[in-house]
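Comments concern the structure below.
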Amino acid sequence: MGIVEGKSIFSGIVLGTPFVERKKNLSVEVCTIEIERIPDEIERVLNAINSSKEDIKGLKDSLKNKVSESELQILTVHIMLLEDPQYLSDIKKCIKDKKINAEAVVQEVSNRYIEMFERIEDPIYKQRALDIKDISERVIKKLLDKESVNLELNDKILITEELFPSELLKLHYAGVRLKGIIMEYAGETSHIAILAKTLEIPTLMGGDNLLKLEWGEQIILDTTSVYGKAVINPTQIDIEEYKRKERSYFLKLKEIEEANLKEAITLDGESVNLFLNLGSRYDKEQLERKSPAGIGLLRTELIYMEAEDFPKEEFQKELYERIAMEVGKDKPILIRTLDIGADKKLPYCDMKIEENPSLGCRGIRFTLENLDIFKTQLKAILRASCDNNIKIMYPMVTTIDEILEAREIIELCKRELKNENKEFKNDIEIGMMVEVPSNVVLAEVFADYVDFFSVGTNDLTQYMLATDRYSSIGKKIYDCYDPSVFRAIYKVVKAGRKKGKKVSVCGEIAGEELGVIALLALGVRDLSMSPVYIPRVKNLIRKIKINELEQVKRDMFKAINPKEIKDILNSYLERIEGRNR
Ligand code: PEP
Ligand code: MG
């Protein structure tokens, strides 16, 4: 028996047969070609690239409406890479210059890009390197005619060093259903992690030396807690324990499903408002089933990412109106203005290459520098809010001056709309994301200039702790449960209370069980999260007593690191789960 530990990516508990995949590097022979064959070779590689692109488009179409648009972005990025003029021209040039076969050229050119991206410390570029590895393998396999799917993987727990999104999609597409995935690669926010969640496959990431282990006949994969584990060759006692846990896990799932139909009210009668974080696309039926209090964060960058050019005012207006109508006329919709920069890029927008993109021109900094883009969006929002409870929210605000500058631009938009005889809402509410330490320090001052705050803990954590939110799991500093993050939130909550401004939280922790306990303890009553978390959070809230959380808060404030905070929250969670059994 042995235990492998790692970070749980998608929750579940399964007993199954391991399948260890030792990936062989694709063996590509280098062959010289005659000069007259060069055009044919170029045509061969372009055909392979086109056909790979068609495959990805096919996959994308088949997944539409099954997965969210942000998840489909993975495939859009791959299509964009395959269309990248520089990449294509490097490949053609290399065939002409070196007079070697297409497979070898794709490998050589791709390796150049991969090495270049891997040398950059920023994890976003490391993800880009993985994307190029993924697409180049796809093209090489096409050229070598080696595209088979390993059907043996069906119903197995896959153990691998790393897995590409396209490989997982291809398996899924071919009807191969993985029971679980255990991998060494540890990108918690990577494309493969998003996809594993989307396909609902219990997944453990960040396990050490997986390929050196003897995995035996059977393993238990348990990702029901934040830190999951795999038990190799479990004993009879382990299997009994697994069965017990599986039963209670399913009971919990059932309980959660039932809670979804009830109100989000604590045991001592306090209501909590659950809002949704939405992208451009959403499942209308799901929206109705989750019956949220409104949209706490509309990530409009996803609308821009999906478009082929900057979306026009009319298009945006109609889209925002439709969302408002589908969510429910009076429910608040917080439309976040375009938040690009750092990891979020638009294919049709040339952005400055910056040494430190997370600290560079992103969020409101970008829109203030690109007034046409900003004004188009603001006008669309102002118009769409005529008969709807729409509010504007700015991302990545750092200074009060930015708010003032944006205010002038809004006034300018209103004047222009008036001249254009277009109706708009004059007294629209304007709020800001709290994502930067300056917002916390100056919370009381910012509160005089905005109507509401929404704390974006994903970014706030990275800027509080001066560490990248996309760094790999290992011994990383990035942890939203750091005591400094909770103290920061508390400071904002108090400032909001003092100045009569609402404070909601829309970062990932607002959808996590421990996060919800902590946020309620700090006095937050408005939580915004991905639709998938709503039932679980509702179920949890119905077991909490607000009057017990004062002690939790006191204990949290004594904690000196994320582990101590999580232990405190976990012990409260266990206590309330226990009394409900
Ligand atoms: C955040 O930073 O917490 C947030 C919600 O914004 P995003 O994740 O889109 O950057
Ligand atoms: Mg953010």
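Atoms within each ligand, like the ligands themselves, are counted from 1 in listed order. Quantities reported herein were computed from a predicted structural model and do not represent experimental measurements.
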Exercise for the section: Taking only heavy atoms of M433 into account, list the atoms of ligand 1 that are under 4.0 Å away from them. Expected result: 4 (C), 5 (C), 6 (O)
Exercise for the section: With the side chain counted from C-beta on, respond yes when I181 and F10 share a heavy-atom pair under 4.5 Å apart, and no when they do not. Expected result: no
Problem - Atom name of the N, O or S atom in D459 that lies nearest to the Mg ion (ligand 2) - result: OD2
Practice task
Kindly assign one of parallel, tilted or perpendicular to the pair Y304 and F310, based on the angle between their ring planes and the thresholds 30° and 60°.
Solution key: perpendicular
Practice task
Give a yes-or-no answer on whether the side chains of E257 and N260 include a donor-acceptor pair shorter than 3.5 Å.
Solution key: no
Exercise for the section: Indicate, as side chain, backbone, both or neither, the part of E435 found under 4.0 angstrom from ligand 1 when only non-hydrogen atoms are considered. Expected result: side chain
Exercise for the section: Look at atom CG of D350 and say whether more than 12 heavy atoms of other residues, nucleotides or ligands are closer to it than 6.0 Å. Expected result: no
Exercise for the section: May I ask you to list the atoms of ligand 1 that are less than 4.0 angstrom from any heavy atom of G507? Expected result: 3 (O)
Exercise for the section: Count the heavy atoms belonging to other residues, nucleotides or ligands that lie under 6.0 Å from CD of E308, then report whether that count exceeds 12. Expected result: no
Practice task
Heavy-atom distances under 4.0 Å are what count here, so tell me which part of T457 touches ligand 1: side chain, backbone, both or neither.
Solution key: backbone
Problem - E435 N/O/S atom closer than 2.8 Å to the Mg ion (ligand 2) - result: yes
Problem - Backbone or side-chain N or O of R362 under 3.5 Å from ligand 1 N or O - result: no
Problem - Which of the ligand 1 atoms, numbered from 1, are nearer than 4.0 Å to a heavy atom of L297 - result: 5 (C)
Fill in the blank from the handout: Checking heavy atoms under 4.0 Å, the part of R336 that sits near ligand 1 is side chain
Problem - Within-4.5 Å side-chain heavy-atom neighbours: V516 and M529 - result: no
Completion exercise
Exactly one candidate in V505, V436, L465, V440 meets side chain to side chain contact (heavy atoms under 4.5 Å, CB included) with L460; the answer is V440
